[in-house]
Amino acid sequence: MHGLKSALLTIWRLILPYATTRDAGEMTIPLIGRVRLQERWIGIGLFISLILINLFQVALNVRLSYFSRDLYNALQEMDAAAFWHQLLAVFSPLAAVWIAIAILEIVVQYIFHIRWRAWMTRRYIDNWLSGSAHYKMQLSGAEADNPDQRIAEDINLFIANTRTLSLGLLSQVATLASFAAILWSLSENFTLPGTDIAVPGLLLWVALIYAVLGTWLTHIIGRKLIGLNFAQQRYEADFRFSLARLREYGEQVALLSGENAEKEQLGQKFGRVIDNFMAILNRQKKLTLFTASFFQASVVIPYLFVAPYLFLKKVTLGQMMQTVDAFSRVQGALTFFISAYTTVADYKAVVDRLSSFEHAINATRRQEQRPGVQSLLDHPVRPTSDNGAIVISSVDLRLPSGRTVLSIPDLVLNKGERALVTGRSGVGKSTLFRAIAGIWPFGAGRIALPKGASVMLLPQRPYIPIGTLLDAVSYPSTSDIYPKEEVAHALQAVHLGHLAPHLDDEGLWGLTLSLGEQQRLSVARALLAKPDWLLLDEATAALDEPMEKEMYALLAERLPHTTIVSIGHRSTLDAFHDRRIELTAAGVGKDTALTPA
């Protein structure tokens with residue numbers, strides 16, 4: 001019982017944000033036109049419409065049960081007029097109404113589904129990306145494998161199964177209430193087989209006992225499916241991610257002739273998919289053996305009780321068929337859990353994955369709020385220095401394990417100067433840049449940024465989004481921010497002018513361009529963005545020295561008001577900077593003035 005309560009609370013926590021959102025929405029309503037409402041009222045209105053449609057369908061089923069009774073009675077009595085009246089005057093209008101309602105239900109279902117999915121997807125993407133949570137979750141080791149699947153697939157499955165199970169349960173409750181009364185009245189005077197003991201509503205009690213026993217056995221047999229379905233979704237997502245990553249790093253794999261290693265790793269991941277799938281199959285076989293036997297047996301039970309009364313002419317053929325139909329619907333309503341068990345098992349796995357995803361995001365944010373970390377990361381409210389410098393005070397940068405990699409008691413990066421940060425590999429240079437950018441969550445101390453200053457960091461391997469070349473060059477801004485002429489001019493300046501005619505071409509530019517071309521494209525981004533501070537984390541390491549010199553000269557010419565801080569190992573970089581800061585594990589080893597070329 002505690003587990004059921006916990007599961008229902010988890011489901012409710014996932015549903016509640018959409019049911020209470022105050023986001024604005026628009027919808028076109030027939031005969032009214034386009035209206036603006038809060039999204040929650042649109043969603044609630046659509047769901048209530050689905051409830052009313054389902055209740056109306058139950059009412060139609062009740063009316064059709066009486067049609068079935070009268071039709072079979074007409075056949076038993078050889079009454080042709082009554083037979084044709086039932087078919088033409090009763091059934092045909094009911095069938096037409098049923099078809100219209102079915103079409104309306106499909107339309108409302110689809111609209112409700114896509115609106116809820118769109119809202120929920122935007123919310124999850126926003127939570128995942130805000131405050132660089134997507135990056136910090138990886139660093140903290142938060143339990144959230146394959147976020148892409150959870151957003152793209154699990155949300156869709158959650159909404160579909162929530163709608164199906166909730167409306168299905170409501171429909172079955174209404175069916176039970178409606179047909180239980182019919183079944184009670186039809187079997188009011190039935191006796192126990194082989195005796196004269198009358199049991200009012202005998203078939204209703206039979207259906208209830210049969211359903212309770214079947215539901216209990218179904219849960220005992222099928223409960224392992226919940227964990228298996230959860231694992232299957234994870235293994236499928238791991239395999240799919242590995243394939244996508246292989247495509248992304250295809251050149252490196254080919255250069256190293258790593259195809260055999262990739263085959264081995266992919267085979268292992270797909271092997272887990274197969275093994276878990278077979279475990280699901282074995283469990284599903286046992287569940288299907290029981291449920292199929294259960295439902296096949298349920299077909300004959302009402303006949304066993306009603307047929308003797310037909311032979312004794314105590315009931316008509318129509319009454320018998322109505323009794324069989326009522327028993328079937330009551331038994332179906334009572335065994336809803338049995339017929340939907342596989343869906344419920346899959347639903348539970350989806351709920352757990354979405355819930356754990358939210359938990360991982362929230363855990364990452366809570367980790368940032370620990371004492372000694374908030375002052376390091378919350379740079380929008382950091383104090384500013386009088387001269388607009390970046391001031392680093394008593395900063396300890398740590399790994400996720402807690403080990404300190406770099407301690408800086410005091411360091412000031414002055415506005416307008418060009419500083420080169422050096423040090424042995426692994427000393428924490430890139431980690432310092434990440435802390436300045438506000439995305440490194442492990443550490444303590446204070447980093448003060450100039451108020452209102454924009455900071456742009458160019459990594460050694462730039463991120464190239466999938467899309468048009470214009471999207472790639474404009475990133476992290478959207479493609480409509482800069483005029484195409486300005487973008488083309490920036491490409492020309494970094495010697496990528498031959499790409500300018502292809503700004504509207506879509507492609508995998510991260511695979512098409514060499515690393516050197518990607519680094520020059522990254523410089524073009526800086527020329528467009530014109531940040532106040534530009535951090536270059538070995539951002540020109542793939543360029544030859546003449547091209548590197550030209551890129552630094554270009555930045556100095558085009559961005560005269562931008563303060564540049566670089567990380568690099570080449571001695572030739574000294575010529576482009578007027579200060580050299582050497583970092584050691586103990587902090588700043590040497591701080592030397594340079595004479596730029």
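Heavy-atom basis, side chains included; hydrogens, waters and symmetry copies ignored. Start at 1 with the first residue, then count along the sequence. This structure is a prediction, so every number in the text was calculated from the model and none was measured.
- For the residue pair Asn127 and Glu358, no side-chain donor N or O sits within less than 3.5 Å of a side-chain acceptor on the partner.
- Contact annotation: the side chain of Met27 never approaches that of Leu37 to less than 4.5 Å [non-hydrogen atoms, C-beta and beyond].
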Starting from the C-alpha separation in whole Å, work towards a yes-or-no answer on side chain to side chain contact (heavy atoms under 4.5 Å, CB included) for Trp119 and Ile114. CA-CA 8 Å; Trp119 184 89; Ile114 198 62; over 6 Å; no
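- Each of Asp346, Asp154, Leu157, Leu14 was scored for a side-chain contact (heavy atoms from CB on, under 4.5 Å) with Val351, with one residue passing: Leu14.
- With respect to Asp238 and Arg272, no salt bridge is recorded, no charged nitrogen being found less than 4.0 Å from a carboxylate O.
- Side-chain contact annotation: Thr468 with Asp471, donor-acceptor N/O pair under 3.5 Å present.
- Counted by atom type alone, Arg150 and Ser356 present one or more donor-acceptor pairs between their side chains at under 3.5 Å.
- With 3.5 Å as the limit, one finds no donor-acceptor pair spanning the side chains of Tyr347 and Thr164.
- Ring geometry for Phe112 against Phe47 counts as tilted: the plane angle lies between 30° and 60°, on a 0 to 90° scale.
- Side-chain contact check for Glu153 and Gln233: no donor-acceptor pair (N or O, by modelled atom type) lies under 3.5 Å.
- Between Leu87 and Trp84, some side-chain heavy-atom pair lies under the 4.5 Å cut-off.
- Ring pair Phe158/Trp116 is perpendicular by interplanar angle, where above 60° counts as perpendicular and below 30° as parallel.
- Ion pairing between Arg122 and Asp126 fails under the 4.0 Å rule for side-chain N and carboxylate O.
- Remark: the Asn156 side chain and the His113 side chain contain an N/O donor-acceptor pair separated by less than 3.5 Å.
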